[in-house]
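In each ligand, atom 1 is the first atom listed, and ligand 1 is the first ligand listed.
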Amino acid sequence: MDPFELLKTDHRKVEQLFSQLESASGKRKLEVFKQIKTELELHTQIEEKIFYPALEEPEETHDLALEAYEEHAVVKDLLKQLGRARTANDQWEAQAKVLQENVEHHVEEEENELIEKAQAALGEEELEELGDRMEAEKARKQRGSSSKKSGATKKSASKTKSASTAAKRARPSKKGTSKSSGSKKSRSKKSAAKKR
Ligand SMILES: [Fe+2]
């Protein structure tokens, strides 16, 4: 799958939600915000887990990728602060506006600069593979968040799961040394940052 199609679809969805936020009032405003928060969190997680790490290595995209992480950090911080509010007062509105402006800037940079450079830096095959992984990760996360909503079902399911995990642990296994791709990724992130 084309990773840029996936990103652009997410971007358009968030833009639409922001315009809904502008016209909403009262409780509805917080409801729309909640949707924005969910969308942005999912989107940033996928980019940070799959897309940006692949862009850190090539020289052409290295700086933009690091900048994107920083922009995400600002957005996530604003989402957290806005998410704590019980009413959308004037200060909340101001902060929501800053969030929107930050997201718009980030989207613009991603679509006008990063995508073009990523296309030049990575081969078509690698991009396709990235897109497939991003799509799969998004589906996995969406399934995860929808099963969270049905708490009771999950509880009993996890009980069964932990029982079988315990049984597995009791048996000696040679598979104990499986490597974690997560820590490997964060290591490569650090080494890429050092290269600067
Ligand atoms: Fe992003």
Q: Start with the C-alpha gap between His11 and His43, add the side-chain angles, then the distance that decides, and say whether side chain to side chain contact (heavy atoms under 4.5 Å, CB included) holds.
A: CA-CA 9 Å; His11 291 164; His43 180 80; 3.2 Å; yes

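- Summary: OE2 is the N/O/S atom of Glu110 found nearest to the Fe ion (ligand 1).
- Inclusion of Tyr52 in the first shell of the Fe ion (ligand 1) is supported: an N, O or S atom falls under 2.8 Å.
- Between His106 and Glu71, the side chains place a donor N or O and an acceptor N or O closer than 3.5 Å (distance only, hydrogens not considered).
- Take Glu101 and apply the side-chain hydrogen bond (donor to acceptor under 3.5 Å, both in side chains) test, not counting sequence neighbours, and it matches no residue.
- No side-chain heavy atom of Ile46 sits under 4.5 Å from any side-chain heavy atom of Phe51.
- For His72, the nearest N, O or S atom to the Fe ion (ligand 1) falls under 2.8 Å.
- The closest approach of Glu47 to the Fe ion (ligand 1), by N/O/S atoms, is made by OE1.
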